[in-house]
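Residue numbers begin at 1 in each chain, while the letters A, B, ... track the order of the sequences. What's counted below: heavy atoms across the whole structure, side chains too, no hydrogens, waters or symmetry copies.
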Amino acid sequence: MSETVSGPVFAILAFACIGGAIGMLSARNTIHAALWLSEVMLAVAGLYLLLSAEYLAVVQVLIYASAMSVVVLFIIMLTLREREGPVRMADFSIGGGILAGLTGVILYMALADRGDRISAMPVEPSGTAALGELLFGRWTLPLEVAALILLVSLVAAVWWSREVDS
Amino acid sequence: MSGLIWGAIYGLAAGMVISLAAFIGVWGERKIAGRIQLRYGPQELGPFGLLQTGADTLKLLLKEDITPAAVDVRIFRVAPLIVFAPAAMSLAVIPYAYGFAPIDTGVGVLFFVAVPAISVVGVLLAGWSSRNTYATLGGLRAAAQMISYELPRTLSVLPVVLLAGSMRPLDIMDAWQWWWIPLTFIGFIVYFIASLAEINRVPFDLPEAEAELVAGPFADYSGIRWAIFAMAEYGGLVAASLFGAAVFFGGYLGVPGALGVIVFVLKALVIALLMLWVSWTFPRMRPDQLMATAWKVLTPMALIQLVLVGAVISWL
């Protein structure tokens, strides 16, 4: 890690990240779990900020942290029909363990084999304009395809929720 | 480490600014509301009733901090802070004077529209954790409303970003020209209405709706915690009018030094007065009207404004 990243701040954010993730996994109440997840999202935004990726940090807040309200909405809509506490079961079955283990192995393999590790921080962080040029220059097609998929799903959502007259 | 200390100092300062704004704002709003409705407003305590807010603040602080038995205690207690903190943070990116914004960042405009979005989570959680139907309904309404109005609000600021070619507020101020006012006027109207909705003021105060929802998400809050919600609303009002005055009306430009800051605050005050005026003139909307306004009126208006500015830029 380069010298530009402040140690104590990183420690706090990393602790918040991992602690929030553990909190989310151990929370039995689904709304508490959603709240922990949003805490993790905010801490990750803080990590981005620490790396001078301001645009990424703010977008992380805009899209992930504030979209937690949508997650909470879904929890209330889908699971709180009865006024019981929204408690979920703890799953200690063998199948769940195997699934978790496999995910861990795949993640490790994906991360361990990466040869192009970043050895040093760039001197000057590239700004939002550079990111925009990259998105609308080299990656125009994937961007437009993603936008089209979102548009199609939006139209589909409107179609699903339309008022039926007859 | 010094960054953390500065952050703490800034947070304290923002909290004090919002408290002061709420202190004067509550008095001013009552006076203005009184005049609009052919009443006098507060006039007993102090000259022009100026000390009325002081008495109210004292009352709120001394009230018992009630936590009802059935609530989800931890979330119930922390929800006011989740609503308040983003309102205070959004004050940080506003350009107050030549070359000065407390947080001078290249994504300031995006920061200003993104960070208040967190307070939606707070309002929703306040409603849910109260464990009563009125509060939960109010929270759900607030979430639907604030998420819908975020889109036109974000779109309405984009034309200025396009014109300036930067999302850094100080760059926008440097590039600002007087003819942006007529050019981005539709954008300002969209920004104005969407901001009113974002801070839940009267034509858009469906989440609270005393008559139907007995104050919605805030129904079970009392004393200081309720006051924090009210202060967050004033903080949102202050931030929205300051940012609008800076981005759409040139803020401190043209006037040098400290006088510029005063001019900037006066411009923001005019916008804030307009917001109060609207609040005390129009009745509350229905939920379907609210959604129709956001999606069928404001969003297309903002898009038209964006296309207009795009055409002008290519012609320049």
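By the 4.5 Å heavy-atom criterion applied to side chains, B:Leu162 and B:Leu158 are not counted as neighbours.
Using a 4.5 Å cut-off between heavy atoms, B:Met167 touches chain A through its side chain atoms alone. Using a 4.5 Å cut-off between heavy atoms, B:Leu110 touches chain A through backbone and side chain atoms alike. For B:Ile147, the part sitting under 4.5 Å from any heavy atom of chain A is the side chain, from C-beta outward, and nothing else. With a 4.5 Å cut-off on non-hydrogen atoms, A:Leu42 touches chain B through its side chain but not through its backbone.
Here B:Phe111 pairs with nothing under the ring pair (Phe, Tyr, Trp, His ring centres under 6.0 Å) rule; sequence neighbours left out.
Between chain B and the residues A:Val59, A:Ile63, A:Val71, A:Leu62, the largest count of heavy-atom pairs under 4.5 Å involves A:Leu62.
Within a 6.0 Å radius of CZ in B:Phe76, more than 12 heavy atoms belonging to other residues, nucleotides or ligands are found.
B:Tyr149 places a side-chain N or O within donor-acceptor distance of the main-chain N or O of B:Leu290, the cut-off being under 3.5 Å. Remark: the backbone N or O of B:Ala294 is paired with a side-chain donor or acceptor of B:Thr299 at under 3.5 angstrom.
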